[in-house]
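Accompanying notes for the structure given below.
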There are 2 protein chains.
Amino acid sequence: MNTAKKDQTKHKVTSRDVAERAGVSRSAVSRSFTPGAYVSETIRKKVHIAAKDLGYLPNALARSLIGGGSSLVALIIGPMASPHDSLLIEAVTCKLAELGKRVLLVPVPATRVADDSLLEALSYQVEAAVVFAGTVGQQAAERCTRIGTRLILFGRVVDVPDTCCIIYDNVAAAQAAGRYLLRSGHRKIAYIGTRHNAFSDRERHAGLSHVLHEAGLEIHAFEKGDYGHDSGYQAALKMLGSMDPPDAIFSSNDGMALGAIDAARALGIRIPNDLAVIGIDNNPMGDWAAYRLTSWGLPADDIAKVIADEIIHKTAPENNDGDTDVDATANHPRTIRLPLTLTLRETTRRMTS
Amino acid sequence: MNTAKKDQTKHKVTSRDVAERAGVSRSAVSRSFTPGAYVSETIRKKVHIAAKDLGYLPNALARSLIGGGSSLVALIIGPMASPHDSLLIEAVTCKLAELGKRVLLVPVPATRVADDSLLEALSYQVEAAVVFAGTVGQQAAERCTRIGTRLILFGRVVDVPDTCCIIYDNVAAAQAAGRYLLRSGHRKIAYIGTRHNAFSDRERHAGLSHVLHEAGLEIHAFEKGDYGHDSGYQAALKMLGSMDPPDAIFSSNDGMALGAIDAARALGIRIPNDLAVIGIDNNPMGDWAAYRLTSWGLPADDIAKVIADEIIHKTAPENNDGDTDVDATANHPRTIRLPLTLTLRETTRRMTS
DNA sequence: GTGAAAGCGCTAACAT
DNA sequence: ATGTTAGCGCTTTCAC
């Protein structure tokens with residue numbers, strides 16, 4: 001006939017219930033669940049027992065309402081054409097979990113405009129939003145900075161104060177890839193980009209183009225895919241079947257590079273003897289025995305770390321050590337270019353010179 | 001000198017601000033943002049203008065607090081060893097977005113126990129939780145049902161009332177795969193499972209074992225991997241390098257099957273002549289020209305639809321038509337077995353008989 | 001150290 | 001149709 005037992009049945013158990021059962025005030029309950037608060041061990045223990053009995057769980061939503069922050073971070077994602085994307089969001093999710101942040105996953109609609117997804121996220125009071133897909137307009141971006149939500153763009157750039165853009169150092173990587181192929185004796189270097197007119201893609205194209213120009217050459221052939229294996233396959237098929245096929249293909253991502261390799265095989269073209277292939281991302285797939293793709297990339301965990309740092313840096317209360325960090329906001333880098341490293345495998349031949 | 005303009009600068013803009021600027025009450029603002037509410041067009045328009053001016057966005061967290069539900073669904077995920085996982089969570093995320101639900105992504109720690117992740121999610125008042133990774137204990141599961149949070153397990157089973165388990169029809173698929181290989185003349189059929197002692201995996205193993213027994217055979221060889229390509233590669237290498245290698249390999253997922261194919265190639269074993277390979281998931285990768293893997297599976301979108309239906313079904317207000325649906329809770333299917341279909345490609349040869 | 005009271009932003013009765 | 005009031009679950013001054 002214990003009245004406390006009755007509550008066990010249905011209704012949502014709140015801090016009031018716990019307070020009642022423990023014979024303390026709601027504040028006491030609150031404090032008992034707040035790490036560094038003034039509560040006697042006696043009460044804290046009583047409360048925790050009552051809480052366990054009742055199956056009490058603090059309501060994170062109500063807690064956020066007060067002002068402690070939602071601990072939510074939005075990840076704005078598109079269709080994960082490349083497996084690399086999923087690796088990345090996984091890495092970021094784990095990293096953020098370690099830091100006590102929760103991830104809100106928001107897909108970008110087919111229109112490929114992320115603005116609405118962003119607002120959606122903002123209405124959930126996310127402390128930061130990381131955009132992996134779609135384009136974001138000035139307005140939406142400014143809105144984020146206005147309400148103090150950290151906005152981080154990955155692989156895309158918008159010039160809005162306080163917005164952080166993280167991108168591969170595409171130009172450098174493309175140039176290095178081009179030079180490498182050049183020195184290996186290739187002269188007919190083709191490029192597989194994407195139809196989405198992505199920022200990163202343009203940079204890669206430009207980088208390759210530039211270094212070829214220096215050598216008095218041009219991009220030998222140019223096709224566009226969608227980052228998927230099959231589109232790389234089709235693109236390569238077209239190039240390799242032409243009257244004047246390339247002797248090297250630089251692909252804007254690994255997925256399409258793998259497709260290109262398969263296309264070459266289908267055509268009986270030998271890799272790397274007749275055709276060299278280089279990708280970007282250094283996806284684990286590239287290491288498979290069937291492909292052994294040479295690729296430029298950066299481990300997903302490293303990227304995740306950069307992103308997480310960027311979120312925390314602005315989310316965390318300003319650490320007033322008072323030295324270098326003063327006004328960190330202002331001189332915080334607007335654009336971070338991640339240097340890529342080359343993983344040499346077997347789709348490129350050793351340099352001749 | 002317009003005082004309203006001043007607010008443009010910093011502070012979080014609330015419904016009160018909008019109300020003030022539009023010269024109406026906060027309820028009016030609330031109503032203006034609630035689809036089927038009693039507001040005059042005049043006011044609704046005024047409010048929306050003021051809102052746009054101020055950059056107002058309703059606070060979804062505060063809204064949830066009231067009782068409308070958080071619209072949040074948790075996805076409990078582990079390391080996405082198989083690309084199929086990421087395809088699935090993407091499909092589910094999109095499907096839920098269509099239905100007005102938001103996704104909270106919660107990783108399972110290395111311990112592979114999902115209970116804490118689940119509680120984590122519950123504290124965010126998720127309306128449902130879909131578990132893709134890790135094990136969930138009775139207690140945690142019961143807690144979900146107690147507070148009315150729909151719990152859905154994918155690929156794993158817990159016998160708790162009101163908990164829905166969605167799994168492939170593993171036994172049927174494994175048996176069909178076994179029979180297919182048998183009829184194709186194979187007698188030395190090996191199995192690549194996983195070390196995680198996963199529920200689905202055990203079912204597949206049992207199904208294959210059973211059908212082989214019927215034919216007076218046993219599983220010819222058994223190795224365990226981790227769903228990754230490389231583990232399949234290693235497993236197959238071991239099997240194929242033995243004194244008495246298998247003439248067919250049934251793999252618990254496509255990723256490892258691909259690895260097995262690569263291993264066979266490395267060893268100069270011809271597929272499908274000397275070795276047949278069958279996978280599970282029917283991952284897009286299986287369709288790549290370099291593999292053309294025969295596989296049992298179900299499109300990610302179809303799976304997502306089942307999951308979403310399961311969430312909505314219980315989330316939606318009970319439709320009191322008063323006929324079949326009475327006490328829908330009780331006769332709601334506890335376990336849903338998804339039938340898999342066979343996609344025949346080129347890693348299996350046509351049947352001899 | 002602890003409780004009472006106020007309030008986060010919003011919505012759902014209840015009046016008008 | 002609109003404004004007023006109360007309250008969702010929590011935290012946080014502010015007294016004691």
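Within every chain, numbering begins at 1; the chains are lettered A, B, ... in the order of the sequence lines, protein sequences first and strands thereafter.
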Integer-rounded Å distance: [N] [atom2] and [X] [atom1]:
X	N	atom1	atom2	answer
A:Glu41	C:dT2	CD	C1'	15 Å
B:Lys46	D:dT2	NZ	C1'	11 Å
B:Tyr38	C:dT11	OH	P	18 Å
A:Glu20	D:dG9	CD	C1'	14 Å
B:Leu61	D:dC10	CG	C1'	12 Å

(request) Apply the side-chain contact (heavy atoms from CB on, under 4.5 Å) test between A:Phe132 and each candidate in A:Val92, A:Leu153, A:Val108; give the one that qualifies. (result) A:Val92

(message) Tell me every residue that passes salt bridge (Lys or Arg N to Asp or Glu O under 4.0 Å) with B:Glu142, counting only those two or more places apart in sequence or in another chain.
(response) none

(request) Taking salt bridge (Lys or Arg N to Asp or Glu O under 4.0 Å) as the test, write out the residues that go with A:Lys45, two or more places apart. (result) none

(request) Measure the shortest side-chain to side-chain distance between B:Val130 and B:Ile76 over non-hydrogen atoms and say whether it is less than 4.5 angstrom. (result) no

(request) To the nearest 0.5 Å, tell me how far B:Lys305 NZ sits from B:Ile312 CD1. (result) 10.5 Å

(request) Please tell me which of the listed nucleotides, D:dG3, C:dA5, D:dT4, lies nearest to the side chain of B:Ser27? (result) D:dT4

(request) May I ask you to verify whether the side chain of A:Arg31 and the base of C:dG3 hold a donor-acceptor pair under 3.5 Å? (result) yes

(request) Verify the contact: side-chain N or O of B:Ser64 to OP1 or OP2 of D:dC8, cut-off strictly under 4.0 Å; return yes or no. (result) no

(message) Using a 4.0 Å heavy-atom cut-off, does B:Val29 contact any base of the nucleic acid, only the sugar-phosphate backbone, or nothing at all?
(response) nothing

(request) Using modelled atom types only, decide if a donor and an acceptor are shared between the side chain of A:Arg334 and the backbone of A:Thr163 within a distance under 3.5 Å. (result) no

Enumerate the protein-to-nucleotides 8-10 of chain C contacts in which both atoms are nitrogen or oxygen and the separation is below 3.5 Å.
unit_1: C:dC10; atom_1: OP1; unit_2: B:Tyr56; atom_2: OH; d: 2.6
unit_1: C:dC10; atom_1: OP1; unit_2: B:Asn59; atom_2: N; d: 3.2
unit_1: C:dC10; atom_1: OP2; unit_2: B:Ser15; atom_2: N; d: 2.4
unit_1: C:dC10; atom_1: OP2; unit_2: B:Ser15; atom_2: OG; d: 3.3
unit_1: C:dC10; atom_1: N4; unit_2: B:Arg26; atom_2: NH1; d: 3.0
unit_1: C:dC10; atom_1: N4; unit_2: B:Arg26; atom_2: NH2; d: 2.8

